[in-house]
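Read through the structure below, which is laid out as structure tokens, and then see the notes.
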Amino acid sequence: MEWAMSLLVNHPEVLKKARAEINTHVGQDRLIDEHNLSKLHYLQAIISETFRLFPATPLLVLHVSSDDRIIGGFNVPSDTLLLVNAWAIHWDPKIWDDPTSFKPEKFEGGEVEGHKLMPIRMERRACPGAGLAQRVVGLALGSLIQCFK
């Protein structure tokens, strides 16, 4: 939340666009609720872009390779300990256009291809609370945008 608010304060054009989206889909006569989140695509893009720039866990949980593999051109023997640097992936100019800039528009087209965005964890051992966390952040951030100038 702190990173998202800091990014919005430093990018007033993004904040203005988010507020306009909330006013269009929710209005000013009632507070944002969970049912509104599915319509607030730009708000979700802001959250995704914040997670991309500032992942909750920059290094994902330790993995152990079960078989001999070749990963990124490197031979990885079985039983090798592996760390995935999500921060480096999220800031890689080979993967992202203009990776150092806060641009929620990167996520406006819907889902991001492949495994480009890894804010918490991915695959079969993904965080079971990730969806809930996304909704809670969406409600909290949306409420702050809606209620405060």
Side-chain angles (χ1 to χ4, degrees), residues 1-26 32 34-146:
M1 287 296 299
E2 289 177 41
W3 282 119
M5 290 304 298
S6 174
L7 289 165
L8 288 173
V9 166
N10 286 295
H11 296 86
E13 70 285 355
V14 174
L15 178 58
K16 183 177 179 180
K17 188 172 176 180
R19 184 172 286 125
E21 178 186 58
I22 291 169
N23 286 340
T24 299
H25 294 289
V26 180
I32 188 173
E34 191 171 347
H35 300 349
N36 302 124
L37 292 177
S38 63
K39 299 175 200 157
L40 301 174
H41 302 290
Y42 195 66
L43 177 64
Q44 296 301 324
I46 291 168
I47 294 167
S48 293
E49 179 69 343
T50 301
F51 278 142
R52 184 190 68 79
L53 290 169
F54 304 103
T57 55
L59 294 174
L60 301 184
V61 177
L62 185 69
H63 287 12
V64 178
S65 62
S66 56
D67 299 316
D68 292 348
R69 302 276 174 164
I70 296 177
I71 301 174
F74 295 95
N75 290 322
V76 180
S78 64
D79 297 324
T80 300
L81 298 176
L82 303 167
L83 281 173
V84 176
N85 188 340
W87 185 90
I89 293 168
H90 291 169
W91 286 69
D92 189 341
K94 295 176 200 159
I95 298 172
W96 298 94
D97 293 331
D98 196 10
T100 60
S101 296
F102 175 65
K103 294 183 180 173
E105 290 75 16
K106 292 175 183 148
F107 295 92
E108 278 190 314
E111 290 296 315
V112 173
E113 66 204 51
H115 300 298
K116 288 171 66 173
L117 181 66
M118 300 176 252
I120 299 174
R121 186 119 190 252
M122 50 186 271
E123 84 221 11
R124 66 177 183 225
R125 293 185 191 100
C127 176
L132 176 62
Q134 185 87 8
R135 289 191 303 276
V136 169
V137 170
L139 285 172
L141 186 60
S143 295
L144 287 170
I145 293 169
Q146 182 183 30

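When a residue number appears, it is its place in the shown sequence, counting from 1. These figures come from a predicted structure and were not determined experimentally.
Glu2 pairs by the salt bridge (Lys or Arg N to Asp or Glu O under 4.0 Å) definition with nothing, not counting sequence neighbours. For Asp98, the salt bridge (Lys or Arg N to Asp or Glu O under 4.0 Å) criterion is met by Lys103, not counting sequence neighbours.
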Under the side chain to side chain contact (heavy atoms under 4.5 Å, CB included) criterion, do Met5 and Leu141 qualify, and how do the steps go?
CA-CA 8 Å; Met5 290 304 298; Leu141 186 60; 3.5 Å; yes
Test log, rule side chain to side chain contact (heavy atoms under 4.5 Å, CB included), inputs Ile32 and Leu37
CA-CA 8 Å; Ile32 188 173; Leu37 292 177; 4.2 Å; yes
Trace of the side chain to side chain contact (heavy atoms under 4.5 Å, CB included) decision for Ile89 with Val84
CA-CA 9 Å; Ile89 293 168; Val84 176; 3.9 Å; yes
Assess whether side chain to side chain contact (heavy atoms under 4.5 Å, CB included) is satisfied between Thr80 and Val64, documenting all intermediate values.
CA-CA 5 Å; Thr80 300; Val64 178; over 6 Å; no
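With Glu49 contributing its side chain and Lys106 its backbone, the two residues share no donor-acceptor pair below 3.5 Å. Side-chain atoms of Asp67 never come within 3.5 Å of backbone atoms of Ser78 as a donor-acceptor pair (strictly under, hydrogens ignored). Counting only distance, with no hydrogens or angles, the side chain of Trp91 and the backbone of Leu53 share a donor-acceptor pair below 3.5 Å. For Arg69 (side chain) and Val76 (main-chain N/O), no donor-acceptor pair under 3.5 Å exists by modelled atom type. In this structure, the side chain of Glu21 engages the main chain of His41 through a donor-acceptor pair within 3.5 Å. With hydrogens and angles disregarded, no donor-acceptor distance shorter than 3.5 Å links the side chain of Gln146 to the backbone of Ile22.
One finds the CD1 atom of Ile47 at 8.0 Å from the CE atom of Met1 (value rounded to the nearest 0.5 Å). From Leu59, atom CG reaches atom CG of Leu83 across 5.5 Å, with rounding to the nearest 0.5 Å. Of the inter-residue distances, the one linking Phe102 atom CZ with Trp3 atom CH2 reads 12.0 Å to the nearest 0.5 angstrom. Lys16 NZ to Ile145 CD1: the interatomic distance, rounded to the nearest 0.5 Å, is 14.5 Å. Distance CZ/Arg19 to OG1/Thr24: 12.5 Å, rounded to 0.5 Å. Note: Leu82 CG to Asp79 CG = 10.5 Å, rounded to the nearest 0.5 Å.
Pairing each heavy atom of Val14 with each of Pro104, the nearest pair is CG1-CG, 3.8 Å. Residues Pro58 and Pro55 approach most closely at CD-O, 3.9 Å, considering heavy atoms. Annotation for Ser101 and Arg52: closest pair O-NH2, 3.2 Å, computed over non-hydrogen atoms. In terms of heavy atoms, Pro12 sits closest to Val9 at CD-O, 4.0 Å. Of all non-hydrogen atoms in Ala86 and Thr57, the two that sit nearest each other are CB-O, 4.1 Å.
No more than 12 heavy atoms of other residues, nucleotides or ligands shown are found within 6.0 angstrom of CG on Asp97.
In this structure, Phe107 and Trp96 have tilted ring planes: the angle between them lies in the 30° to 60° band.
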